[in-house]
There are 2 protein chains.
Amino acid sequence: MEENLGLRERKKMATRMALHEAAVRLAAERGADNVTIDAIAEAAGVSRRTFTNYFANKEEVFYYRDAHRLRRLCESIRQQPAADPWTVLTGAAADLLGEAFAEANTSWLTQLRTLHRDPNHLAHQIAAYTAIERDLAVEIAARVPGPDAELRARVLVATFLAALRTSVQFWLDNPGTSLPETFRRVSGMVSLTPA
Amino acid sequence: MEENLGLRERKKMATRMALHEAAVRLAAERGADNVTIDAIAEAAGVSRRTFTNYFANKEEVFYYRDAHRLRRLCESIRQQPAADPWTVLTGAAADLLGEAFAEANTSWLTQLRTLHRDPNHLAHQIAAYTAIERDLAVEIAARVPGPDAELRARVLVATFLAALRTSVQFWLDNPGTSLPETFRRVSGMVSLTPA
DNA sequence: CCTTTGCTTGCACTCCAGGCAACTTTGCAC
DNA sequence: GTGCAAAGTTGCCTGGAGTGCAAGCAAAGG
């Protein structure tokens, strides 16, 4: 997808990914709270100072993948033609979840499950989702008709992200389930009344 | 409501509240990021060390009121007789929001608005909501029939909290609106398909 | 090449989280 | 009341996190 980038850009992406992967691996090994930034930086082969150039804190590095996917989702929404917002959102989500589900191998899954087991981290996962809530709401508001557009768009986006997050959470909690199928079930349970 | 408590308990509640109010006031004055724990503790008349006996971090002290209300909501749900979960949730929420709306005077509102203006803090507000998501889901799961009970309860609770949070956010963003009325509008936009 | 631009790193400093031990206040039984 | 035990407060101290700054270095592009 994003090829044709200079060496500099490619190195930055590699460093980001190395930090993220080192962080998740270490967290799965010894628990997220027992991982210091120094340890992550060392495992990724950079200095502690460089870590903080890439991520503002530990939570960010753990949820980098989630945040990245959500930003891509936001991008893909932006490029969709105007259509029923809920359909656009769930459609884009289905694509992304399919991709995530496909690339989730066993060891990766185990690491993710270990990370999500920590109840403290639920809040941080949500923070990642929230970071794009405003952006997404702005994008959606433009497609919602009626005088209620702003409020309706916010409700739409908040509900959508809640559904997405619940799906991922349930999928991680229940080994053997399919992520896209779980999302399909979840989005079937909630409906937004049309304007 | 909770009277008949010993001096010790009443003092603790007072200290908690003093810390919370000092924190919100200082944050409104100079921005949440420019408030140190030392400043909050001093303003509340206790030592910095005592602050950390009461709250684990700055976000917790800012959202103490929200978290407290949500815990009370969870309690009130627990005591409700078995009934339609969505009705129980929105009913309990309406009560709490009415109370919050009634006790919100102008200066308090201004402080809250300043706090919520910081986009960084949206994530922390959500964290507060999330902290009780699991507890609430357990409570609700017992009232949801059908084989999907667990998943359905989670979706129900996540959607409900999203609606609640969106209502508060919208109300703060739009001076002059009524909080209970906003929540009524929002919950009218969402519907959960029955089992 | 050689300049420019931008990334990395170490250093220094402030703030935060929490264990520990001394001290003070409250609760309660006598 | 008096005294003791339980609980709360505080200061001290250690380790970790976040960030501005300046020096060094590597890539980009003439």
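Order of the sequence lines fixes the chain letters, A, B, ..., with proteins taken first and strands second; residue numbering starts at 1 for each chain. Heavy-atom basis, side chains included; hydrogens, waters and symmetry copies ignored.
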I want to verify a distance call: between [options], whose nearest atom is closest to the [X] side chain?
X: B:Asn53; options: D:dA26, D:dT9, D:dG18; value: D:dT9
X: B:Arg49; options: D:dT19, D:dT10, D:dG8; value: D:dT10
X: B:Ile37; options: C:dC16, D:dT9, D:dA17; value: C:dC16
X: A:Val46; options: D:dA28, C:dT9, C:dC16; value: C:dT9
X: B:Leu7; options: D:dG20, C:dT26, C:dC15; value: C:dT26
X: A:Arg8; options: D:dG11, C:dT5, C:dT9; value: C:dT5

Calculate the interatomic distance between [X] atom [atom1] and [N] atom [atom2]; express it in whole Å.
X: A:Phe55; N: D:dT19; atom1: CZ; atom2: C1'; result: 17 Å
X: B:Glu9; N: C:dG27; atom1: CD; atom2: P; result: 9 Å
X: A:Glu59; N: D:dG16; atom1: CD; atom2: P; result: 16 Å
X: A:Asn34; N: D:dG16; atom1: CG; atom2: C1'; result: 13 Å
X: A:Arg10; N: D:dA28; atom1: CZ; atom2: C1'; result: 13 Å
X: A:Leu19; N: C:dC7; atom1: CG; atom2: C1'; result: 14 Å
X: B:Phe51; N: C:dC15; atom1: CZ; atom2: P; result: 15 Å
X: B:Glu42; N: C:dC15; atom1: CD; atom2: P; result: 13 Å

So, does the side chain of B:Arg16 form a donor-acceptor pair with the base of D:dG8 at under 3.5 Å?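 When only heavy-atom distances are counted, B:Arg16 does not reach the base of D:dG8 through any donor-acceptor pair under 3.5 Å.
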If you go through the side-chain atoms of A:Arg48, does one of them form a donor-acceptor pair with the base of D:dG16 closer than 3.5 Å?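 No, no donor-acceptor pair under 3.5 Å.
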B:Ala128 versus B:Leu70, closest heavy-atom pair with distance: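 For B:Ala128 versus B:Leu70, the nearest heavy atoms are O-CD1, 4.0 Å.
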On DNA chain C, compare the nucleotides closest to A:Lys12 and B:Asp38; which residue's is nearer the 5' end?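 The answer here is A:Lys12.
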On DNA chain C, compare the nucleotides closest to A:Thr15 and B:Thr52; which residue's is nearer the 5' end?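 The residue closer to the strand's 5' end, by nearest nucleotide, is A:Thr15.
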Candidate pair A:His20 and A:Val24, rule side chain to side chain contact (heavy atoms under 4.5 Å, CB included), full reasoning: CA-CA 6 Å; A:His20 171 64; A:Val24 173; 3.7 Å; yes
Answer yes or no: are there more than 12 heavy-atom neighbours, outside A:Gln80 itself, under 6.0 Å from its atom CD?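 It does: A:Gln80 CD has more than 12 such atoms within range.
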More than 12 heavy atoms of other residues, nucleotides or ligands under 6.0 Å from CD of B:Gln111: yes or no?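 Enclosed: over 12 neighbouring heavy atoms sit under 6.0 Å from CD of B:Gln111.
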Close side-chain approach of A:Leu19 and A:Tyr64, heavy atoms under 4.5 Å: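 Of all side-chain heavy-atom pairs linking A:Tyr64 with A:Leu19, none is under 4.5 Å.
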Verify the contact: side-chain N or O of [X] to OP1 or OP2 of [N], cut-off strictly under 4.0 Å; return yes or no.
X: A:Thr50; N: C:dT9; answer: yes
X: B:Tyr54; N: D:dT9; answer: yes
X: A:Ser47; N: C:dT9; answer: yes
X: B:Lys58; N: C:dC16; answer: yes
X: B:Lys11; N: D:dG8; answer: no

CA sep, side-chain torsions, deciding dist, call: B:Glu75, B:Arg71, side chain to side chain contact (heavy atoms under 4.5 Å, CB included): CA-CA 6 Å; B:Glu75 265 312 305; B:Arg71 272 195 305 275; over 6 Å; no
Just to be sure I understand the rule, does B:Thr36 reach a base, reach only the sugar-phosphate, or reach nothing, if contact means heavy atoms closer than 4.0 Å?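 Counting heavy atoms under 4.0 Å across all strands, the contact made by B:Thr36 is with sugar-phosphate only.
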